[in-house]
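Starting from 1, each residue takes its place in the sequence as its number.
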Amino acid sequence: MSMNQYWADLEQPEYDPEEFVERLAFRARSATGVRSAGGGQGQGGRGELSDAQQLHTAFLTAIKDLKLMHEKQMTKCEELEESVREEEKAHWARVAGLIQRNRAAATTYKSLDERINLVAGKVVHLGDQLESVNTPRARAEEALKLMKHFDDFLDGETSVSPVFMDKARLYEAADIIQKLQLIAQELPEKEFSPAQRAIEAKYSEIEASLIEEFVKHHRSGDKQKMAELALILSHFRGYNECVNAFIEQIQVTSFRGKDPFKDIVPLCKTSWSTISSVFPSPSAVMAKFVLNIYHVKLKQHIQNVLSDKNNTELYLRNLFTLYSQTTRLSQDLSHYNLGSDQLFLSKLTKDIFARYLDSYINIESRYLNDRSKTVLTRYYENKGHQRKNISSSGTVSELKRDIHGLIAAKTNFNIGDIVNYGGETFLSEEVAISLLQEAKEAFRRCQVLSKTSDLAANAEEIWNLLVSYLLHNHVDYAIELGLAGIPLPESKSAPELYFFEVVSQTNTIIHLVDKLFTDSLVPLVASTPKHGSCLHTKKQELEKLETKLDQGLDRSLAAVAGWIKTVLSSEQKKTDFNPVDGDPLPVASSACIKVVRWVGGLTVKLRDCLDGRNVEWALQELGVRLHRAIYEHLMGFQFASAGAMTLICDMQEYRRCVADWKQGVVQSLFDTLHAMCNLLILPPENLRGAAMGDQLASVDKTILDNWLQLRVDYKTARLANCL
């Protein structure tokens, strides 16, 4: 095997000695197999021995070759190591030379640094000496020049010096005249008044020229020249005139539209970039610029918009919008540095709106009064209704109503004035929503336009107006009309019960009022004494309405019970429960069917008009009164066995009628009454056991004995002692 083949196997990325030996043996066997392929089968034994010898020889040869390769590689490694050692010695020699050179350079640098410091000290000392000589000389030169210029003004005439005549030397002339003006102020006026007047005249002339140049460069947009002129003018009395001219020039091309609020923020942004690069004190100039915008453009716009107070609604809407826009504008401009006063913009806003905000709540109250009156008046006019002065319901009115009912029951003559207006409740959710929306907008305006100290009081005033018009003049009035229109219990016709619609609409309106109270009023009065006052007002008013609603429901249910009694007394016949012509079929009586159908319709109406626990209370009270009316009605009849079966059928109808109400008390009453009806058909020997059953165990024995007396066989069957 060649050396190249060995190197190819040994230099593989993943070298494995065992795999190398296997590959070597495979190649040796392959070479032996080729040579022995021509031999016969008889030579098989000798062939295998020869293969082993060949394999042994191949391994020995490979070992010898590998040793030879190893020796050659060791020789090469020794030669390379010797070469590396010689190169390392040469490298260290070069490093030592570089270190020596670096030490020499550091020494030289230190020497040069010391010499430079020495020379620098001498130069500074020489400069100080030159300055001490040159500064007085320059000052003397400057003083001499000023004296010469001042001499030109001593006769009281304007100087004809070339500096003041040449417009190109305006900056130099400004510097000279500014210093001369300061000097003239220190001189006695008695001796130097002509010169002072002449200098003042030239001062004013140059100042005007500087401002004129500033305006010219402002128009051309040369910020560099503007900055130079502004710096010079900052030493002149007319610096403010320069600033005013700048502000006026900016506003010449601005505020082209009707709404200045749209232009102010972009204008301030572009103006700030100019102001910050032109004026030496940009914050003061920006503050003056904003002050001019507020007190000139903005104030004039606000006065124009709010000048007409005839349309109060539009006036309040515009006041709210303008104040909100101005407040938002102040927030947008607050990031500019407008001086040390952090409340600068807030004070500007309050100053502009002061006279409008002082009278705000009076105008708001007057508007709410007028608007609420208009809404209610228009509603009643559309209904063709003339408001009546109704005395509040109470003990006197209740007594009067009871007397009318008693007279009607005794004489069959109704003297009470029951007016139900054809089912009109005179309650309108649209009217309520309109008044609530007006109050909501008023609360929004109140929150923005009221002073912090007056906010809670103003909010309470708006709330009281809403209570007065919505709850007193509308809801309470409608409830009083509804109470007056409830039929008497002694009515001879089916009662028209419209008061349930009044209850439904009142509940809806109260929910809306409660939502407005929570969402709009509470945030304005929270953590103030007015919060408790408003809560008390709300609680008091709602309790009044609730009392009247309970009174109306009680009257309505009394009318229901009265009508049930009327139906039963007029429709129920003696023969229904004590037939004289044999035993009729056990079916419910016509009186029972009529009552059940009418109560079923009333149940649907109750569920449509009432909600939540009000439905449960009304159905329970209705069930109790229905049970009482039926029980008292049955106590006036005599029952035979066949008639008792009819009564039991009636009772099944009544139980089915009230079962859907899911009122445990009512179901228990009718179950007990049904069990009592069973006593009317049981034989005497079973009565005691039935009376002791679960349904009747809690019933007083006197009641059961009175009930048994309704049986036609009570005396003949001797039922008095059966219980």
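With sequence neighbours left out, T377 forms a side chain to side chain contact (heavy atoms under 4.5 Å, CB included) with E381. Shown here are the side-chain hydrogen bond (donor to acceptor under 3.5 Å, both in side chains) partners of N310, two or more places apart in sequence or in another chain: D308. When the salt bridge (charged side-chain N to carboxylate O under 4.0 Å, His left out) test is applied to E207, no partner is found at least two apart in sequence or on another chain. For Q331, there are no side-chain hydrogen bond (donor to acceptor under 3.5 Å, both in side chains) partners two or more places apart in sequence or in a different chain. Listed by chain and number, the residues in a side-chain hydrogen bond (donor to acceptor under 3.5 Å, both in side chains) with D519 are K515 (sequence neighbours excluded). Checked against salt bridge (charged side-chain N to carboxylate O under 4.0 Å, His left out), E461 has no partners two or more places apart in sequence or in another chain.
Counting all heavy atoms, side chain and backbone alike, V525 lies closest to H531 at O-CB, 3.2 Å. Residues M226 and F214 come closest through the heavy atom pair O-CE1, 3.5 Å. Contact record, I462 with A442: CD1-O, 3.7 Å, taken as the closest heavy-atom pair. Of all the heavy atoms in S277 and K223, the pair that sits closest is OG-CD, 3.7 Å. Residues F443 and S520 share a closest heavy-atom pair of CD1-CB, 3.7 Å. Taking every heavy atom of both residues into account, C242 and I211 meet most closely at N-CD1, 4.3 Å.
In this structure, I293 and C268 have side chains that are in contact, with non-hydrogen atoms separated by less than 4.5 Å. The shortest side-chain heavy-atom distance between K225 and E228 falls under the 4.5 Å cut-off. Contact of the L512 side chain with the E429 side chain is not registered, since no non-hydrogen atoms from C-beta on lie closer than 4.5 Å. Using a 4.5 Å heavy-atom cutoff, the side chains of K451 and K350 are not in contact. At least one side-chain heavy atom of D611 sits less than 4.5 Å from a side-chain heavy atom of H511. L306 is listed as a side-chain neighbour of L322, based on a closest heavy-atom distance under 4.5 Å. In this structure, F289 and L267 have side chains that are in contact, with non-hydrogen atoms separated by less than 4.5 Å. I361 places none of its side-chain heavy atoms less than 4.5 Å from the side chain of D454.
In this structure, the side chain of H474 engages the main chain of S428 through a donor-acceptor pair within 3.5 Å. Remark: side-chain polar atoms of S450 are not paired, donor with acceptor, to backbone N or O of Q447 under 3.5 angstrom. One N or O on the side chain of S234 and one on the backbone of L231 form a donor-acceptor pair closer than 3.5 Å. No side-chain donor-acceptor contact under 3.5 Å links S434 to the backbone of E430. No donor-acceptor pair under 3.5 Å is formed between the side chain of N102 and the backbone N or O of L98. A distance-only check finds a donor-acceptor pair linking the side chain of N369 to the backbone of S365 [under 3.5 Å]. Looking only at distances, a side-chain donor or acceptor of S330 sits under 3.5 Å from a matching main-chain atom of T326. At distances below 3.5 Å, at least one donor-acceptor pair connects side-chain atoms of T270 with backbone N or O atoms of P266. Proximity of a side-chain donor or acceptor of S307 to a complementary backbone N or O of N304 within less than 3.5 Å is detected.
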Practice task
Dump the intermediate steps for side-chain contact (heavy atoms from CB on, under 4.5 Å) on Y356 and Y315, then the final yes or no.
Solution key: CA-CA 10 Å; Y356 303 107; Y315 170 82; 3.5 Å; yes

Practice task
With side-chain contact (heavy atoms from CB on, under 4.5 Å) as the test, would you mind laying out the steps for K544 and D476 before giving the verdict?
Solution key: CA-CA 9 Å; K544 288 180 183 177; D476 186 75; 5.6 Å; no

Practice task
Please report the C-alpha distance between L348 and L298 in whole Å, then the side-chain angles of each, then the deciding distance to 0.1 Å, and finally whether the side-chain contact (heavy atoms from CB on, under 4.5 Å) criterion is met.
Solution key: CA-CA 11 Å; L348 286 180; L298 208 56; over 6 Å; no

Handout entry: Full working for side-chain contact (heavy atoms from CB on, under 4.5 Å) between C534 and L521
Key = CA-CA 9 Å; C534 293; L521 176 61; 4.0 Å; yes

Exercise for the section: Start with the C-alpha gap between R445 and E364, add the side-chain angles, then the distance that decides, and say whether salt bridge (Lys or Arg N to Asp or Glu O under 4.0 Å) holds. Expected result: CA-CA 9 Å; R445 291 191 291 265; E364 184 75 77; 2.8 Å; yes

Practice task
Show your reasoning for whether side-chain hydrogen bond (donor to acceptor under 3.5 Å, both in side chains) applies to Q224 and H217.
Solution key: CA-CA 9 Å; Q224 184 177 354; H217 290 301; over 6 Å; no

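Residues N244 and E248 bring no donor and acceptor atom of their side chains to less than 3.5 Å of each other.
We find that E212 and K216 are not joined by a salt bridge, their nearest charged nitrogen and carboxylate oxygen being 4.0 Å or further apart. A salt bridge links R444 with E441: the distance from a Lys NZ or Arg NE/NH1/NH2 to an Asp or Glu carboxylate oxygen falls below 4.0 Å. Under 4.0 Å is where a charged nitrogen must lie from a carboxylate oxygen, and between K538 and D514 at least one such pair does.
In this structure, SG in C446 is found 5.0 Å from CG in L455, a value given to the nearest 0.5 Å. Remark: T349 OG1 to R328 CZ distance equals 12.0 Å, nearest 0.5 Å. Considering OH of Y294 and CD1 of I302, their distance stands at 9.0 Å, rounded to 0.5 Å. Interatomic distance, L427 CG to I509 CD1, rounded to the nearest 0.5 Å: 5.0 Å. To the nearest 0.5 Å, the span separating NZ on K309 from CG on L316 amounts to 10.0 Å. To the nearest 0.5 angstrom, L436 atom CG is 5.5 Å from L470 atom CG.
The number of heavy-atom neighbours closer than 6.0 Å to CZ of R103, taken from other residues, nucleotides and ligands shown, is 12 or below. For K440, the NZ atom counts as loosely surrounded, since its 6.0 Å shell holds 12 or fewer non-hydrogen atoms of other residues, nucleotides or ligands.
Side-chain rings of F246 and F279 approach one another, their centers coming within less than 6.0 Å. Separation of the W463 and F517 ring centroids falls under the 6.0 Å cut-off. Taking the six-membered ring for Trp and the full ring otherwise, Y469 and Y379 have centroids separated by 6.0 Å or more.
Using bins of under 30°, 30° to 60° and over 60° for the plane-to-plane angle, the ring pair Y477/Y380 lands in the perpendicular bin.
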